[in-house]
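Residue numbers start from 1 in every chain, and the chains themselves are labelled A, B, ... in the order their sequence lines are given, proteins ahead of strands.
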There are 2 protein chains.
Amino acid sequence: MLYICYMKDFFAQFDFQSNLLFENLSEPDKQAVENVMESLVVKKGSMLFFECGIPTGIYQIKKGKAKKFKRGFSGEEQIFYIYTTDDVLGYHALLGQERYQDSCEALEDLTVNFIAREDFLRLLNEIPALQQKLIKNIAHEFGVLANIIAVLAQKNQNSRLALFLLLLENRLNRNSPTLKGIDLTRDDLANLIGTSQESLGRSLKQFKELGCIEIDKRNIYIKDKKQLEQLLQVKID
Amino acid sequence: MLYICYMKDFFAQFDFQSNLLFENLSEPDKQAVENVMESLVVKKGSMLFFECGIPTGIYQIKKGKAKKFKRGFSGEEQIFYIYTTDDVLGYHALLGQERYQDSCEALEDLTVNFIAREDFLRLLNEIPALQQKLIKNIAHEFGVLANIIAVLAQKNQNSRLALFLLLLENRLNRNSPTLKGIDLTRDDLANLIGTSQESLGRSLKQFKELGCIEIDKRNIYIKDKKQLEQLLQVKID
DNA sequence: TAAAATATATAACAAATGTTATATATTTGT
DNA sequence: ACAAATATATAACATTTGTTATATATTTTA
């Protein structure tokens, strides 16, 4: 017996959606959150937090992007998420009262809003809607990771690349009216889709020849979404 | 700069540890939990719950094992966990007040203890230690999924097989004094490590020839742990 | 701005994995 | 216990991916 699940928004399956965490709060609640936020600048290459560190608070990115990764037991870095504008991160360890399970590094100079541990825990107590939403989001993120596992285990390299290009374009250019392209190092992109840099290069070349992407410097521009969806064997939207 | 994290128990990195959820409660609390449990028998092949279903409660497996999986967008099943005796499952969707994100199927006839939704939510309110432990466990599970992602993305098939054999032996024979071997269909094992049944067969044959496993019917017996660890390039314990 | 360091592109070859096909073994249902 | 259905084993070949090597481009630093 096969249960077919009504397909929700395709991108939502792979998106933490933590940018919506402080949305839909009442105005006073939203104010209370903003009152405890402290704006910080984080330099490219520095860590917001790292595996086994003790959590001091949570972050909302206001400008720039950051990679979340974990090291496999042989030490190689595995990126499993790219955070960008408005995304909130760092709450798992806080809520679970344990150390960070992963690391987060700024991929460019960031502007972030920081909420200190005690302030955030107090907000959770004072705003039940926020606590509820946070727990709901963690459950959602669990499903996202399971979906990523399915992709990595089942799809070949070209499919994975097509998927992540579509996801990254959707996520990174969420708030930008102009097309900016996908701007990650080849190394980071390879670590995200689970392959080597050289092998990724081969796939990118194939995609260029097919005409579905264009490359300028390190930037990757999507030229033909439909063709990428075909590589994925999925109809989106 | 490289941060090296003190390596906790190797198996814990890949184990949800939800079998410990009701441990370390006070005697009255443990009694309260047991009072609302209802013992059920679930036939091999039937579903404890499935993706998009509405949660009715949680389960603790008392005998047998079950697979948790999700379908990728092309419909193929991806197993991401095998549950066994004492494991508790089904609480993500309940806590997040949303539908199940994944499916769970009995791999053999199961004896389970069921706790109805309202009873469980009431217990969480009445026993803060339980709620805290549950949230902590969900944060831990998040890390486990991230570790599985790293393995699937970075390790070749033989390494993945070696790892999952060690994990399964450790998890499935937790409470059994006699060696029982690993008893999964080739299909399920292939879906767990992310390969095809035929290709899995080739790896199993290699492992047999190396002498690190023996096979009887579908059962896989580990003969040489050290050799499997070498295939993994990891020193365990 | 020039030199050095880092990042990217590409090709050739090796190794791993996917796929198709066929034979045999085991389990299930009557 | 038997037939049918399902699961497993194995081989040959195709395709994909990993690896090594080298050249070029871009960015960083002095």
Does A:K62 have more than 12 heavy atoms from other residues, nucleotides or ligands lying within 6.0 Å of its NZ?
yes
C:dT17 P sits how many Å from B:L204 CG, rounded?
13 Å
Would you kindly give the CG-to-P distance between A:D216 and D:dA25, to the nearest whole Å?
14 Å
On DNA chain C, does the nearest nucleotide to B:S196 precede the nearest nucleotide to A:L184 from the 5' side, or the other way round? Give the residue.
A:L184
Where the side chain of A:E198 is concerned, which of C:dT8, C:dT17, D:dT19 is the nearest nucleotide?
D:dT19
Could you tell me whether the side chains of B:Q154 and A:S74 share a donor-acceptor contact shorter than 3.5 Å?
no
What is the distance, to the nearest angstrom, from the CD atom on A:Q197 to the P atom on C:dT6?
14 Å
Mind calculating the distance between CZ (B:R186) and C1' (C:dA25) to the nearest angstrom?
12 Å
For DNA chain D, whose closest nucleotide is more 5', that of A:K44 or that of B:S199?
B:S199
Distance from A:L210 atom CG to A:Q230 atom CD, nearest 0.5 Å?
10.0 Å
B:D87 and B:T84: side chain donor to acceptor below 3.5 Å
no
Give the nucleotide from the list C:dA16, D:dG18, C:dT10 with an atom nearest to the side chain of A:T195.
D:dG18
Take atom NZ of A:K217 and atom C1' of C:dA9, then tell me their distance rounded to the nearest Å.
16 Å
Starting from the 5' end of DNA chain D, give me the residue, A:R218 or A:R202, whose nearest nucleotide shows up first.
A:R202
Could you tell me the separation between the CG atom of B:D109 and the P atom of C:dT28, rounded to a whole number of Å?
10 Å
C:dA16 C1' sits how many Å from B:R160 CZ, rounded?
10 Å
When you check the phosphate oxygens OP1 and OP2 of D:dA11, does a side-chain N or O of B:K205 lie under 4.0 Å from one of them?
yes
Side-chain N,O (A:K208) to OP1/OP2 (C:dT10) below 4.0 Å
yes
Is the Lys NZ or Arg CZ of B:R171 less than 6.0 Å from the centre of B:Y81's six-membered ring, within 45° of the axis?
yes
May I have the distance from A:Q157 (atom CD) to D:dT15 (atom P), rounded to whole angstrom?
17 Å
